[in-house]
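Structure record follows, encoded as structure tokens.
Letters A, B, ... are given to chains in the order of the sequence lines, protein chains preceding strands, and every chain is numbered from 1.
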Amino acid sequence: MTRSLLVEARNVRKHFGAHHVLKGIDLEVRRGEVMCLLGPSGSGKSTFLRCINHLEKVDGGRIYVDGELMGYEEGTSPKGRAREMKPKQIAAQRRSIGMVFQRFNLFPHLTALENITEAPIGVARHDRAHARARGMELLRRVGLTDHAGAYPAHLSGGQQQRVAIARALAMEPKLMLFDEPTSALDPELVGDVLSVMRDLARSGMTMIVVTHEIGFAREVADQVVFMDDGVVVESGTPSHVIDDPQHERTRAFLDSVL
Amino acid sequence: MSATDVTVQSTARTHDVAAAPRNHPGRWIAAAALVVLCVGWVVSLWSNPNIDHATIADFLFDGRILQGVLLTVGLTACSMLLATALAVALAVMRLSANPVLRVMSWAYTWFFRGTPLLVQIVFWGYLGLLYQSISLGIPFTSVHFFSANTNTIVTPFVAGLLALGMNEAAYASEIVRAGLLSVDNGQVEAAHSLGMSPAYTLRRIIVPQAMRVIIPPMGNETISMLKNTALLQLIAVPELYTRASWISAQNLSQVELLIVASAWYLLLTSVLSVPQYYLERRYGRGAGRSLPVTPWQQARQTVVRLRSRVTQVAHTDPRNPGTEADS
Ligand SMILES: Nc1ncnc2c1ncn2[C@@H]1O[C@H](COP(=O)(O)OP(=O)(O)O)[C@@H](O)[C@H]1O
Ligand SMILES: [Mg+2]
């Protein structure tokens, strides 16, 4: 089965000062596919994820989402190079990409439901009643119907992260990015979040997940990518990369997390 | 068993010993001395033959004084609004990536914080000496859209408003900046990832959170502002203190009118804590702690509690067996 490409990264490079964090990343994610990104801390996984929705500007290479070049207008500068888009255009592009953060980043001054409906009402200009109804539906999906009126400070980490997932889904994204969504959680709360993500994957959502949950990657991922020191070391199906790694660095990493 | 009993008893005994309050004779003597001093001072003020209480009573609600109070309140509100709007702009400029904006914001704060407020007030009051007329047009051309005499536009009220508001903006911008910086950067990233524009993120995500940090010091600034309006006496803005001084220049009851003005300033500054309390409540939502009750809620709770106590008493009242049968 050949599904069309949703995400295409070509030779993505990024440095902070003299520090090369991404040294030419090439990746492809097809529609409906789940890609798990593994790698030691500091290998550039978060930076790559943040380049996809242009929270971080790439220094070289290109990222396409659904055929659109992210953050840049093709060939608009005098030298024929891509020029950065206006903030409004970038904001519009980001609406089709949901992101879930390690530290949840819920808006503390808004209730769970308001967190979910803020962008649909204020940004996508959806009807208020409709947005709230859909927000409640999303809360039901993540198992938090009873907490619609709760402020984030009164929710557990696991509950906050599930609200954060619902918040990202409320903009009806084509693609969901997860940056270590369970790393900040107490062990007993990890399961609930992973099960929400598993359901999401089953529903056909295209997902890129940075995680240290090898079990989750093995079960849910269509493609596993191992990154180290700003390069993709190896990629393939979970059975290849996790169970039969070809590279010493991959093996050493898997030994350390398993 | 008996051994544990013994230890429990002995610790209980030590607790008893520790809980006995110590006597602090020094504290009592100091407190008594202070109370005597204060009472003595108030009595001496009150019985001072140089203070005419009837004059104070006459002028406390005098029409001119009340007009002054009104203008003082209006000036405080308008200057704080102007200052806040300018302060937000200055703080955002200061935090922007554009170096020109950063320097301009810094220079503004440097100038208005570095010169005395009194001097700034006089400067605005005498603006007419510096520029005879004010006109709006395209610089370096003869195109003018509008032109007028400075003294008709910059009335004493406008001069006072500009002086107080622009000076305060310099201080308030630092408060706003600290508030904006107190918001975690993850909030900006989350907002951006949802497709919110920078302006929307500032307005709906950052500012509401920054308010929790901004409001308490801004309450302080508002109280300062209220009192600083008295400085406008210098450029004859007819606010509370100016009116009081005009009256005392006629009837020579300087002290009495100072007391009248002070009483109003005290009342106004006390009243100011009410809106601050409600604003803090409004922006404290979701801050983890439960919200403090409003005085109104407190009153209602007290009424409910008293009523339930009254009905309880009624139920157990032997002379009133009828209520018992009802329940
Ligand atoms: N804003 C930044 N400024 C400077 N260095 C950064 C910044 N963000 C990340 N880095 C550096 O880039 C490297 C990769 O970071 P990151 O992408 O967060 O790795 P990972 O998510 O794989 O742990 C790290 O060495 C980190 O210190
Ligand atoms: Mg990371």
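- Here the CZ atom belonging to B:R204 is positioned 7.0 Å from the CG atom belonging to A:L110, to the nearest 0.5 angstrom.
- In this structure the side chain of A:R50 reaches within 4.5 angstrom of the side chain of B:E189, judged on heavy atoms.
- Summarising the local packing, CZ of A:R103 is surrounded by 12 or fewer heavy atoms from other residues, nucleotides or ligands at distances under 6.0 Å.
- A:E118 contributes atom CD, which lies 5.0 Å from atom CE of B:M196 (distance to the nearest 0.5 angstrom).
- Once rounded to the nearest 0.5 Å, the distance linking CG of B:L194 with CD1 of A:I97 reads 12.0 Å.
- In this structure, B:I205 and A:H109 approach most closely via the heavy-atom pair O-CE1, 3.7 Å.
- Between A:P87 and B:S197 there is no side-chain heavy-atom pair separated by less than 4.5 Å.
- In this structure, the side chains of B:Q209 and A:P108 come closer than 4.5 Å at one or more pairs of heavy atoms.
- In this structure, chain A has heavy atoms under 4.5 Å from both the backbone and the side chain of B:A191.
- A donor-acceptor pair is defined here as one N or O able to donate and one able to accept, closer than 3.5 Å; no such pair exists between the side chain of A:N105 and the backbone of B:A190.
- The main-chain N or O of A:L106 is found under 3.5 Å from a side-chain atom of B:Q187 such that the two form a donor-acceptor pair.
- Here the CD1-CZ distance, from B:I206 to A:F107, works out to 10.0 Å after rounding to the nearest 0.5 Å.
- A distance of 13.0 Å separates CD1 in A:I52 from OG in B:S193, rounded to the nearest 0.5 Å.
- A distance-only check finds a donor-acceptor pair linking the side chain of A:R95 to the backbone of B:G195 [under 3.5 Å].
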